[in-house]
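Throughout, numbering of the chain's residues begins at 1 and tracks the sequence.
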Amino acid sequence: MQHTSPLAALRSLLKERELDGMLVPRTDAWQSEYCAPYDDKLEFISGFDGSAGLALILADRALLFVDGRYQVQARQQVNLEEFEIHHLHDEPIHLWLQENLSVGKRIAFEPLLMVNSQYESLRTSGCDLVAVDDDPINKIWATRPAIPRGLIRQMPDEISGESTASKCARVAQALARKGVDFLALTLPDNIAWLLNVRGSDIPTSPVPLSFALVKNDGAVEWFVDEAKLQQLDSSVLESIAIHSPDAFLTRCQQLAAGKRFLLDGDNTPVAVRFAVEQGGGDIEWQPDPITLMKANKNDIELEGYRSSHIQDGAAWINFLAWLSHEVPLREAAGNPITELEAQEKQLAFRQECDNFIEQSFGTISAAAGNAAMCHYHSAPETNVAITGHEFYLNDSGGQYFNGTTDATRTLNFGQLDAQRRLHYTAVLKGFLSLISLQFPQGTQGHQLDAFARRPLWELGLDYDHGTGHGVGHNMLIHENPHRMAKKVNPWPMLPGNVLTIEPGYYLAGSHGIRIENQVEVVASIPGFCKFASLTLIPIDLSAVELPLLSEQEIAWLDDYHQLVRETLSPLVSSTARPWLIEATAPVRTQRM
């Protein structure tokens, strides 16, 4: 599938303005991983619909920069006669500009779509960055979707575990300690956490698109479309000043004179910097204090995660029992289960859960070579059968009123060749190495990443994505600041943090493997932490070379499967219970 993009119209517009090129990022003014259709300018201009990317449109060239997850997908979706595909991290855009364009070339960008750290990086390129505020893409996008106006709901204190007043007081204290007058908030999940609200502007991302200002006395100004507030009780809003989102930058400029603003350089659009500086204010560049507050979950939030994972685990088991029965049966009948049919059935099982709201991201239902694309999403034109001679990878999750889930299982329904079995065993051993680890309290994510990769490295293999990410509380599936990856992540992991562990391996055109559990960090012996699994789903051992597992690895698997069996057996369907018992049988009995 290839896309013919409106490059000619954009190039004509740039020429009229005497611009040499334009940057078109895959983001919006809130740095959303998943954009509303209204804001997905990168897909409009290129056809690429992945969650991370950046296009550079020049008069005679068009380049699309994507990370390792999307190298295959981009080449399938983009017209390669129009676009060159580059690696987002191996070829940083500022270095590409420096090495390929002459000094002084005028490159346009939208200041609401670029954070300050990226702006400063691009300034080293030698190009003249030209801020455009009138949304040039809008002038050529005749069929642009409507601006999202999803309704906002309240997150009750008995589910959030802390009142808005208490949170505002904590933030005010942090601002006072830092000697600043205002905190400018542009991250929707930080605003949702602070105000104990959840939104519906973007499917699977239950945070409202809005802006906010917090004063060092705890007062809040919220810049939000009032049409979204119809479901909120007036008492919720009585202590908050409400403004239109369009007034945010103007208000920052109005308040700036003689004041000091705290801005997060990695998350705040450079447009906010421009507004504060134009108003005569000073800027303190520091991480938004709410980001870390939000990541340190309280006891009520953690109990919500555990409860939601029990519900989600039961839905998974009902689904896996059905799938394990139907795949061989339907394949033998010549009417095999397909990727789309499987994900629809899985969603139906989740919808039976009392607290389920929606999916927490688009399900990755991927069979055979499709699974080699880390963030593949099945469509009618790519939908393939799930068979007994290929892996099937399912990465999915749910948004529940009291938590968010995310898990991946790679499944085997027949006989696999030796190479696939070896790859699967290496991924499992990496998963076990990390999830069973005890580590010093305060350890940072990048310091643990190699534990999950070592079994693959020993085979000369690796994977081009992170090993784990933070997960929001009925919020974003990828939550800052914690990450486990090769890239340095300077945030200490402490009891109360919630992350995923998800090593994998992907062979283009052949197969993809990932095993993922969501975990919470808990205290162990004094000064040390460990991971406690929130995910309760059997791990498929049918593709494992069991002799390659150590006694420690077998002990972990047996203990985990016993926990899954005992917790969920009373909750799954009567038809799924026998499958659950078989799927969680002790490994020791299988080795005999």
Pairwise side-chain contact, Asp39 with Ile147, heavy-atom cut-off 4.5 Å (strictly under): no

Exercise: identify the closest heavy-atom pair between Gly313 and Ile537: CA-CG1, 4.5 Å

Full working for salt bridge (charged side-chain N to carboxylate O under 4.0 Å, His left out) between Glu358 and Arg350: CA-CA 9 Å; Glu358 62 177 337; Arg350 277 202 172 98; over 6 Å; no

Asp395 versus Phe361, closest heavy-atom pair with distance: OD1-CZ, 3.1 Å

Shortest non-hydrogen contact between Phe413 and Tyr392, atoms and distance: CE1-CB, 4.1 Å

Pair Lys297-Glu479, salt bridge (charged side-chain N to carboxylate O under 4.0 Å, His left out): steps then yes or no: CA-CA 12 Å; Lys297 313 302 181 188; Glu479 180 176 88; 2.6 Å; yes

Derivation and outcome, side-chain contact (heavy atoms from CB on, under 4.5 Å), residues Leu95 and Leu97: CA-CA 5 Å; Leu95 292 182; Leu97 292 170; over 6 Å; no

4.5 Å side-chain heavy-atom contact, Leu448 and Met493: yes

Residues Ile435, Asn517; criterion side-chain contact (heavy atoms from CB on, under 4.5 Å); working and verdict: CA-CA 9 Å; Ile435 201 168; Asn517 274 27; 4.0 Å; yes

Sole candidate of Thr405, Leu476, Asn474 that passes side chain to side chain contact (heavy atoms under 4.5 Å, CB included) when paired with Gln399: Asn474

Donor-acceptor pair, side chain of His309 and main chain of Gln518, under 3.5 angstrom: no

Reported CG-to-OG1 distance for the pair Asp449 and Thr467, which is rounded to 0.5 angstrom: 3.5 Å

Min side-chain heavy-atom separation Leu499-His469 under 4.5 Å: no

Partner set under salt bridge (charged side-chain N to carboxylate O under 4.0 Å, His left out) for Glu458, not counting sequence neighbours: Arg454

All salt bridge (charged side-chain N to carboxylate O under 4.0 Å, His left out) counterparts of Asp462, not counting sequence neighbours: Arg453, Lys486

Any residue meeting side-chain hydrogen bond (donor to acceptor under 3.5 Å, both in side chains) with Asp28, in chain and number order, not counting sequence neighbours: Ser32

Close side-chain approach of Asn370 to Glu339, heavy-atom, < 4.5 Å: yes

Test log, rule salt bridge (charged side-chain N to carboxylate O under 4.0 Å, His left out), inputs Arg306 and Glu520: CA-CA 9 Å; Arg306 297 174 195 134; Glu520 61 175 295; 2.8 Å; yes

Verdict with reasoning, Tyr506 to Ser510, per side-chain hydrogen bond (donor to acceptor under 3.5 Å, both in side chains): CA-CA 8 Å; Tyr506 313 90; Ser510 178; over 6 Å; no

Phe349 six-ring centre to Lys345 NZ/CZ under 6.0 Å and within 45° of normal: yes

Charged tip of Arg144 within 45° of Phe44 ring normal and under 6.0 Å: no

Closest contact, heavy atoms only, Thr535 versus Ala407: CG2-CB, 3.9 Å

Check against ring pair (Phe, Tyr, Trp, His ring centres under 6.0 Å), Tyr463 and Tyr505: CA-CA 5 Å; Tyr463 52 94; Tyr505 178 67; 8.8 Å; no

Stepwise side-chain contact (heavy atoms from CB on, under 4.5 Å) test for Leu541 and Leu428: CA-CA 9 Å; Leu541 301 179; Leu428 175 62; 4.0 Å; yes

Min side-chain heavy-atom separation Thr363-Gln359 under 4.5 Å: yes

Between CG on residue Leu536 and CZ on residue Arg565, distance to nearest 0.5 Å: 12.5 Å

Between CD1 on residue Ile515 and CZ on residue Phe431, distance to nearest 0.5 Å: 6.5 Å

CA sep, side-chain torsions, deciding dist, call: Gln552, Ser550, side-chain hydrogen bond (donor to acceptor under 3.5 Å, both in side chains): CA-CA 5 Å; Gln552 180 184 9; Ser550 69; 5.0 Å; no

Euclidean distance, Thr404 OG1 relative to His473 NE2, rounded to 0.5 Å: 7.5 Å

Point-to-point distance, once rounded to the nearest 0.5 Å, from CD of Gln31 to CG of Leu187: 7.5 Å

Salt bridge Asp201-Arg149, side-chain N to carboxylate O under 4.0 Å: no

Qualifying residue for ring pair (Phe, Tyr, Trp, His ring centres under 6.0 Å) with Tyr70, from His375, His377, His89: His375

Any donor-acceptor N or O pair under 3.5 Å, side chains Ser573, Asn318: yes

Plane angle bin for Tyr424 and Phe391 - parallel if under 30°, tilted between 30 and 60°, otherwise perpendicular: parallel

Ring geometry between Trp316 and Phe319 (parallel below 30°, tilted from 30 to 60°, perpendicular above 60°): perpendicular

Distance (rounded to the nearest 0.5 Å) between Asp312 CG and Leu568 CG: 10.0 Å

Validation row, ring centre Phe48 to ring centre Phe83 under 6.0 Å: no

Worked check of salt bridge (charged side-chain N to carboxylate O under 4.0 Å, His left out) between Lys294 and Asp189: CA-CA 9 Å; Lys294 177 169 62 19; Asp189 55 330; 3.4 Å; yes

Heavy-atom closest contact (Tyr38 atom, Ala146 atom, distance): CB-O, 3.4 Å

Heavy-atom side-chain proximity of Pro206 to Ile357 below 4.5 angstrom: no

Considering all heavy atoms, the nearest Ala385-Ala367 contact: O-CB, 3.6 Å

pair Gln444-Gln447: side-chain heavy atoms closer than 4.5 Å: yes

Short N-O contact, Arg330 and Glu341, less than 4.0 angstrom: yes

His87/Phe65 under ring pair (Phe, Tyr, Trp, His ring centres under 6.0 Å): CA gap, chis, key distance, verdict: CA-CA 5 Å; His87 199 290; Phe65 293 79; 9.7 Å; no

Cation-aromatic face contact Lys41/Trp141, 6.0 Å, 45 degrees: no

Steps toward side-chain hydrogen bond (donor to acceptor under 3.5 Å, both in side chains) verdict (Ser117, Asp266): CA-CA 5 Å; Ser117 57; Asp266 292 328; 3.0 Å; yes

Side-chain donor-acceptor pair present, Asn402, Ser308, cut-off under 3.5 Å: no

Any side-chain heavy-atom pair of His86 and Leu64 under 4.5 Å: no

